Protein chains: 2
Amino acid sequence: MPKVNSDSEEKIKAAAKKIFLQKGFDGATFKNISEEAKVNTALLNYYFGTKEKLFLEVFDESFFLFIRLIYQIMEQDIPLEVKIYSMVDKYTDLILENPMMPIFITSEIQRNPEKLIKHFGIFKQPTDTFLARQLASEAAKGTIREIDALQFEMALLGLILFPFMGRPIMNLRGVDTDLAFKAFVLERKKIIPEMMMAYLKTGTKQQ
Amino acid sequence: MPKVNSDSEEKIKAAAKKIFLQKGFDGATFKNISEEAKVNTALLNYYFGTKEKLFLEVFDESFFLFIRLIYQIMEQDIPLEVKIYSMVDKYTDLILENPMMPIFITSEIQRNPEKLIKHFGIFKQPTDTFLARQLASEAAKGTIREIDALQFEMALLGLILFPFMGRPIMNLRGVDTDLAFKAFVLERKKIIPEMMMAYLKTGTKQQ
DNA sequence: GTCTATAGAGCGATAGAC
DNA sequence: GTCTATCGCTCTATAGAC
């Protein structure tokens, strides 16, 4: 590693990520970012050309990761209960490292759906997923009740993600430190799978 | 009603609400709003002074309503199961009329917490709520399992709200019309209470 | 009450010195 | 590779005619 400390390009990317996450694409300015990175404003254009290119480059990896990890786990050929625990565990940990991402992703997509869906290559998923077949198969065996796969996914994701999106509400309800919030979220690693399983087992003999 | 059609102030408010919801405070411009309202840009300043005042005035009623309705229902002295059904039913209907509000509120608060919390008077709630006492009392009687009140609230809200926040994801999963989305959400009026009750009844004799 | 015209500031982006 | 200086544009907001 010859260049020791002042790798400007990396400093800009780190600063841009922080500022974009906080203020969104529209709210962030080159001035904000260059001050955060402690470099000259003109350097942003030198390295990345335009604001949009900087934005896309910074979130190119991480943005897609958050959406793809869902399907990577959902589509694994593992028992349903294991899958639910794995999903809650892995996704909670991922978001804990990037707690502002859920709101950021949803709001940026809502404000510019074409751009993001096109660039990040999020594609139309088939309705006939492995998870859908798994849920149908288990229901046919009578080990769980019937449930639509998308309903299942949205329930699971909502349970995992919502505390991060409603963090300001939680602040007003006494969960007002990062430590308390983390404890709250980690407790959900137990609650969420139990909730999903309790629902799925309703009306079956294993109930 | 003397002034028939051209009530500019109301046209501006309606246009501002639409544009702000779509683009956020930072992304929205007076040009966007005035074109949407089909009035001159200078009229926005004439009626509302500044962009921030326009924003606050437009969302003064509805913004707070969305947060307060939660507690209005949660704090009612009605049986727990009735409360859950009521919460899911009323909140789903409210959001269906304003499907962009959940993302809008969360992202605007994340980007400007002091301003919004101060202006809309969202205050620090006590941890000793009616709901908390109700949950503790039922658990003591053995009719439900023990659960922290905030965990209960976040689970319920996540289940209700997440489909609206993840609407773009749902579009890619085949739920790509307003009609299909509405049907999907209405189905949750049944699923969500059953899920909550299934969890609460786990380990009790009524299970 | 609504318009045109424009002020004044901040924005993203570029040119050119070093 | 990094800086200063500045361009051209768009933004919010105001002044003043009607």
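Every chain is numbered from 1 and lettered A, B, ... according to where its sequence line falls, protein lines coming before strand lines. Just so it is clear, the model here is predicted, and its values are computed rather than measured.
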Legend entry - Length of the NZ-C1' vector between B/K11 and C/dG1, whole Å: 12 Å
Legend entry - Distance flag, aromatic centroids of A/F59 and A/F104, threshold under 6.0 Å: yes
List, with names and distances, any nitrogen or oxygen atoms from the protein found under 3.5 Å away from nitrogen or oxygen atoms belonging to nucleotides 9-11 of chain C.
none

Legend entry - Distance flag, aromatic centroids of A/Y199 and B/Y199, threshold under 6.0 Å: no
Inset, instruction - Sequence neighbours left out, what pairs pass ring pair (Phe, Tyr, Trp, His ring centres under 6.0 Å) with at least one residue falling in residues 150-171 of chain B? - result: B/F164-B/F181
Inset, instruction - For C/dG12, take OP1 and OP2 only and decide whether either is under 4.0 Å from a side-chain N or O of A/T50. - result: no
Inset, instruction - Taking the six-membered ring of B/F25 (Phe, Tyr or Trp), confirm whether the NZ or CZ of B/K51 is under 6.0 Å from its centre and within 45° of its axis. - result: yes
Counting only pairs under 3.5 Å, give me each side-chain donor-acceptor contact of residues 39-47 of chain A, with atom names and distances, residues two or more places apart or in other chains.
residue, atom, partner, partner atom, Å
A/N40, OD1, A/A42, N, 2.9
A/T41, OG1, A/S34, OG, 3.3
A/N45, ND2, A/G49, O, 2.8

Legend entry - Value in whole Å for how far the C1' atom of C/dT14 lies from CZ of A/F48: 18 Å
Inset, instruction - Specify the residues of residues 39-46 of chain B, ordered by number, for which at least one heavy atom lies under 4.0 angstrom from an atom of DNA chain D. - result: B/A42, B/N45
Inset, instruction - Using the test side chain to side chain donor-acceptor pair (under 3.5 Å), find all partners of B/T29 that sit at least two apart in sequence or belong to another chain. - result: B/N32
Inset, instruction - Write down the distance between CG (B/D7) and P (C/dG1), rounded to a whole number of angstrom. - result: 10 Å
Inset, instruction - Send over the distance from A/F55 CZ to C/dG12 P, rounded to a whole Å. - result: 14 Å
Legend entry - Electrostatic pair B/E35-B/K31, nearest N-O below 4.0 angstrom: yes
Inset, instruction - Check salt bridge (charged side-chain N to carboxylate O under 4.0 Å, His left out) between A/D60 and all other residues, then give those that pass, not counting sequence neighbours. - result: none
Inset, instruction - Quickly work out the A/Y47 OH to D/dT2 C1' distance and round it to whole Å. - result: 8 Å
Legend entry - Atom pair distance, as rounded to whole Å: CG in B/D26 and P in D/dT12: 10 Å
